[in-house]
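Shown next, in structure tokens, is the structure this report addresses.
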Amino acid sequence: MADAPKLVNITVDGKPVAAPAGTLLIEACKTVGIEVPSFCYYPNLSLQGACRMCLVRVEKMPKLQTACTTGITEGMVVVTDSDEIRQARKSMVEMLLGNHPLDCPVCDAGGECELQDMTFSYGAAESKFIELKQHRDEQQWSPVVYFDRPRCILCYRCVRVCGEGMDVWALGVDNRGAVSTIVPNKQDHLECEECGMCIDICPVGALTSGAYRYKTRPWEMKHVGTTCTHCADGCKTTLGVRRSDTGMEIVRGDNRDKSGINGDFLCIKGRYAFDFANNEDRLTQPLIRKGGRLVPATWEEAFEFVGRRFKEVLDREGGRAIGVIGSTRTTNEENYLLQKFARVALGTNNIDHHRTADFPAFAAALHGKSGATASMRDVYNASAILLIGNDPTEEHPLLAWQIRNNVRLHNARLYVVNSRPIKLRRQAASFTQVTSETDFTEFLGGDESLASFATREGWNAVRDKLRAEQGLVIIFGSEIFGEDIQALARFAASVPGAKLLCLGDYANSRGAADMGLYPDLLPGYFPVSGAGKFHQEWKITPAAPGMNIGQMFEATKTGQLKALYVIGANPVGRLNVNPSTLKNTFVVVQDMFLTETAALADVVLPAANAYEKAGTFTNTCGDIQILKKAGEVTTAKPDFEMIVRIADAIGFDVRKLVPFGHGVHADMGQSRGAQSGEADQHAVWLEANGLEPKMSPFDPVATLDEIQRLVPGYDVSRTELLAGNDQHTSIAAMGPGTVQNPELIVPAKNNLFSSGTLGRYSRTLNSVIENKDPEPADAVPTD
Amino acid sequence: MRFSDQFEQRFTEMLTHYPTKRSVLVPTLLYAQDEVGFLSEEVIAEIASRLDLTELDVRNVISYYSMLTTKPRGKFNVQVCRNISCLLRGADELIEHCEKKLGIGHKGTTPDGLFSFEHVECIGACSWAPAVQVNYDFHENLTTETMDRVLDEYRKKVQ
Ligand code: SF4
Ligand code: SF4
Ligand code: SF4
Ligand code: FES
Ligand code: FES
């Protein structure tokens, strides 16, 4: 890290301001709460100086100066508000409005438009222009991007964010002067990442989104900050929701307040692919197989039936005969509850999930090495990054954004090692193409023999450079697993300050692993044989490892496994499980859709998705973040509630599962009539945050309490968490992990436009032309 | 795609003049246009790839300069200046006259492909206004009569 830069002293509107040398005047003003209006200026993008809204008077300079392009110098005296300046700004706004259609009452941006705001603050009520306005019809550039040319104020923010921020360079400017216009790269349409960053950054309603346009007005929505449910990067997304016939409908996703690890970044999935929730194929009622067909049933009927059948198996053969498959998209609380349900209520360790990365080996490699893991924020600030395997541009869009922008804005050195020429090599200081990522990893770990004669010199040079780095973040994909993670950790230990980051694939893959959805590992990677604290608290903990996902399907074939409980997973569709193996097994599936697995089940329970519930997710870096309930459908239940209901139906005391009501004696206001103010306020707060009072067995916060108590590394600040801030959990503090069964790791291979089951049911993802491999839902057999 | 040897020579030579490749874009486009007649999709793709630019970049630059065109033009491109000096000295009549004579409007091309016509901003010949540029040649102090003669001379060139 460089030394802190020298402070420069200036005076703005009579106030003394000190800021580091090199700070732009507009930013220096912000630090003392003085807002200089701007259109074309956008932090972290190149300077444009196009709109001249930011004019200020700098003493000793002949003309008004643009605050967005002027660097501060010692002793500078600045005035940001005077008659002269106000007049200048007024003229700028008048010019912009010269051909701007005044269609604010129907424009998507109306109510949150920077031009509206500026006109209100600095503009004039009348215009000297009498020319007719030039109308141009709106253009559709892609299913998600529309362009309304007359509304454009030519600030070029869209062009810059697409080029500099996204490295896509899909937008440009045609013509010059007053007839300049923004154009897409394919003349009449776009071929790009469809991220919508250009729409989001547009200060007016010139670029609008296919998902949201003309649907509602900003003030008619409630805005809920939660976490993206697609890839494993954990972007914070603010969902705009609105009342609908069936509850609350999500109509928009963005992160304009830049809170969260992603700032204002979202990829197409986070920004638009919430539409799976409204897909008409979504299950709306429980289904029970009767006479070979799945027929609708009531919730009571379904829970009673599942409870009875599970109980029969338990009584006859014990927990050994039941298997549980968890999800990479359910919350930490649900995952934790599910494994506890399996272990405590069913008495079995037969629990697993679709593994996409070798987190147990990662835990093993870093056991006791505190500070050795990198957070998503570290990736943006690290002075150097080594990326082995994976293609973040496709599989981890936020990670790719962090890397690109760290290189662009902080001159970080990026070392890419990959068997394919991935796009991030464009930002790389060095790109080493290898035949296998594992060879290079083992070479780093000390096995010199793996560098062939042809590659030795190059590999040595890269290794020497890496060793000389301070503050290196080493990121690796699922190509690296088992012992190789150990090798990498060994190398990391030889580089002072180096941190590691292991890439998994789904929104809560890391959470599923951390919460112990393994037949041999408890939450926090403790072996089932050494249950320790968990045993003290739960009383029952089966000590022998259970069956893993592969063994479970073997056992259903042989008839050893009589019942299978699948939550938010589709092993038949994703892991190539032969459907016939499930013929004689009682299968219960909780899902949003009739997946290949659900279609074979005996009972299907319609589940709420991550946008419809409260809880926490842990991203692939180990950053834990909160989920707040945004959407709502009355026809589905959160997995948490369903697990508890099934436990209850088996006859298990749910208090032993969810420690609700412990020491909580709140009166929620029912008994106090007019004096119910305070408790009501609390209830309103809980509701507003999508939480349930802790007196309910369906309260995930009670389980979060237990997680924070029992899973080392998860004892992060609850205040920060509830405030919506990411908190880095520490894997070093967790259990010893294990190095085995790498064959169970099946990468999801999702790209920018696919997202497992959710992707299939997202019209947006299947509609964009860049999706070369659309997988629309009707391809799924329903019987 | 293939350009003439002369083009290739100039192109290679120009690359040595600037620190970055993209700096040669505008002259390269001009030379290509002189050779092909206009900047076709094929030309755009070729130049973009040679200079490590996107086709979008190249098209943006073409659209900025009125001297560059993506549509075929007539053999002789008649550009009548209509900036202030020329206007004061009769550019309007000249424009009207040309339009009538050639039977085409601004940015039009005659059916025989001989002439294109457009009005342009100042071409730097104000001292001899009104001025007209045909391809790279200037014609100055024009009247409707001398304009006719100019056009006739060009017509003769191809006969
Ligand atoms: S959607 Fe994203 S990639 Fe496409 S043009 Fe806009 S900013 Fe560029
Ligand atoms: S489309 Fe929007 S962001 Fe792009 S230049 Fe126009 S006003 Fe600015
Ligand atoms: S990068 Fe990942 S977490 Fe972020 S919006 Fe895209 S899919 Fe969601
Ligand atoms: S904000 Fe300074 S010129 Fe646009
Ligand atoms: S105004 Fe016509 S040449 Fe200058």
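Quick note: numbers below take in every heavy atom, side chains included, and nothing from hydrogens, waters or symmetry partners. Residue numbers begin at 1 in each chain, while the letters A, B, ... track the order of the sequences. Keep in mind it's a predicted model, so treat the numbers as computed, not measured.
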* Look at atom CG of Asp5(B) and say whether more than 12 heavy atoms of other residues, nucleotides or ligands are closer to it than 6.0 Å. => no
* Asked: Taking non-hydrogen atoms and a cut-off under 4.5 angstrom, which of residues 151-185 of chain A neighbour chain B?
  -> Trp169(A), Ala170(A), Leu171(A), Gly172(A), Val173(A), Asp174(A), Asn175(A), Arg176(A), Val183(A), Pro184(A), Asn185(A)
* Count the heavy atoms of every other residue, nucleotide or ligand shown that sit under 6.0 Å from NZ of Lys75(B), and state whether that count exceeds 12. => no
* Lys133(A) atom NZ, over 12 foreign heavy atoms within 6.0 Å -> yes
Listed pairs under 3.5 Å, donor-acceptor, residues 115-123 of chain B side chains, sequence neighbours left out:
| from | atom 1 | to | atom 2 | distance (Å) |
| --- | --- | --- | --- | --- |
| Ser116(B) | OG | Gly74(B) | N | 2.6 |
| Ser116(B) | OG | Thr109(B) | OG1 | 2.9 |
| Glu118(B) | OE1 | Lys107(B) | NZ | 3.2 |
| Glu118(B) | OE2 | Asn77(B) | ND2 | 3.0 |
| Glu121(B) | OE1 | Asn83(B) | ND2 | 2.8 |

* Please, which pairs that meet salt bridge (charged side-chain N to carboxylate O under 4.0 Å, His left out) have at least one residue in residues 178-191 of chain A, sequence neighbours excluded? -> none
* To do: Return each pair, listed once, that meets salt bridge (charged side-chain N to carboxylate O under 4.0 Å, His left out) where at least one residue sits in residues 80-106 of chain B; pairs must be two or more places apart or across chains.
  => Lys101(B)-Asp148(B)
